[in-house]
Amino acid sequence: MHKLAKRLDHFSDSVIRRMTRIANQYQAINLSQGFPDFDPPQALIEALKQAAQQGPHQYEITWGSREFRQLLAKKQQRLMNIEIDPEENILVTCGSTEAMMCAVMTICDPKDKVIIFSPFYENYGADAILSDATPIYVPLKPPTFEFDKQELRQAFEQGAKALILCNPSNPCGKVFTQDELEYISQLAIEFDAYVITDEVYEHIVYPPYQHLYLANFPGMQQRTISCSSLSKTYSITGWRLGYIIADKSIIDGCKMIHDFLTVGAAAPLQKAACAGLALTDDYYAQLTQTYMAKRQLFLQGLDKIGLSYYPPQGAYYVLVDISAFNPFKTDFEFCEWLIKEVGVAAVPGSAFFKHPEYRYIRFHFAKQQQTLIDALERLSKFKEKLLCLKN
Ligand code: GLN
């Protein structure tokens, strides 16, 4: 038999999603893969019922339903402060996962270089590999996750065609500052590079931090491919609805790739999601409040247990430093033990770092208050359980 393709040798399955499978196997509280255990807004559920009765049940326009694109253009135009034509500047995708893959495939030829900040959401490495592009990793340095400006410049000097920017950042919760985004913009313009953003946590930012859209920085509209999704904003990660907003010439390319990758996102779900896109500003303000309360509950719980972490400025993850406690060789073994013996699932931090780094595990707190309380209760016993292990 012929060997399978070589590209399979360069990445593994998703560690995030693997942890969910292990968590399910041991019925652990799953704080690994980031998705809510609460329902989307009632308006979306009602709209979904209606879509089930009235359709559509057949293919939508490949680029996304007209109504969806019109509502999205209206919402994002106001937030991003750029002009968005629903016919020319939007592509609806199957989650931001497809949006990012489609963006990288549209921009990169084989061997093109793509800058990725590390730690990074694990899909980006696979996006680059599947597009035959070569990643250049630039560290966000713990504990504050700032980057060294000189190091970033050197990465651009190597001829990078694009940079991937996850803002707010998964997994570290960093929200990029005005100064950092200006610097990134200047380099992108100077070196004629694109920036592909992943902004799925745009509505989950903790005051006083503020989300700034890179596409709105001077000179950036033509070279920014803004990817995002409805998953986190409306608690519908299983609906797989994402999108790309970019200049017409870029979107035209993305449309071609998308046409043959997936044809289109699910028609009834696009229809139902329009009820979310039509919600007013109060909804987004309430979402922030909800996540502020969850963040506070979870971080206070970690404080009580005596675990140190980087307080997230945005998104719903927290990287916890386990270096003082980990008796195992790797963070993965620690996480397996935590699932089996403590009953809580986390993602080993090494899944997010380019260079071996076993110091962190990542929890998410997109869960109901009671789920978080139960998880903290279980975690409060982890040191005792570790002691038993040693004796
Ligand atoms: N963004 C989520 C996480 O980082 C998972 C997304 C996914 O599995 N597609 O956990």
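We count residues from 1, following the sequence as given. For ligands, and for the atoms within them, numbers begin at 1 and follow the listed sequence.
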Tell me if the centroids of the rings in [X] and [Y] come within less than 6.0 Å of each other.
{"X": "F298", "Y": "F363", "value": "yes"}
{"X": "F117", "Y": "F176", "value": "yes"}
{"X": "F382", "Y": "F325", "value": "yes"}
{"X": "Y309", "Y": "Y360", "value": "no"}
{"X": "Y310", "Y": "F145", "value": "yes"}

>> Check contact between K232 and ligand 1, using heavy atoms of the residue and a distance below 4.0 angstrom.
In response: yes

> With a 4.0 Å cut-off on heavy atoms, is Y201 touching ligand 1?
Replying inline: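 So Y201 counts as touching ligand 1.
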
Examine the proximity of ligand 1 to [X] and report which part, side chain or backbone, both or neither, has a heavy atom under 4.0 Å away.
{"X": "F35", "answer": "neither"}
{"X": "R17", "answer": "side chain"}
{"X": "M19", "answer": "neither"}
{"X": "N170", "answer": "side chain"}
{"X": "R362", "answer": "side chain"}

> Do ligand 1 and G34 have nitrogen or oxygen atoms that lie under 3.5 Å from each other?
Replying inline: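 Yes, there is a polar N/O contact under 3.5 Å.
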
> Is it true that K248 and E87 have a side-chain N and a carboxylate O under 4.0 angstrom from each other?
Replying inline: no

>> Using 30° and 60° as the class boundaries, would you call the ring planes of Y201 and Y317 parallel, tilted or perpendicular?
In response: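 It falls in the perpendicular class, over 60°.
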
>> Looking only at protein heavy atoms, which one is nearest to atom 2 (C) of ligand 1, and what is the separation?
In response: Y317 OH, 3.3 Å

> Among protein heavy atoms, which lies nearest atom 6 (C) of ligand 1, and at what distance?
Replying inline: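 So the nearest neighbour among protein heavy atoms is Y121 OH, 3.1 Å.
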
>> Show the atoms of ligand 1 that are less than 4.0 angstrom away from any heavy atom in Q33.
In response: 5 (C), 7 (C), 8 (O), 10 (O)

> Between Q33 and T20, is any side-chain donor less than 3.5 angstrom from a side-chain acceptor?
Replying inline: yes

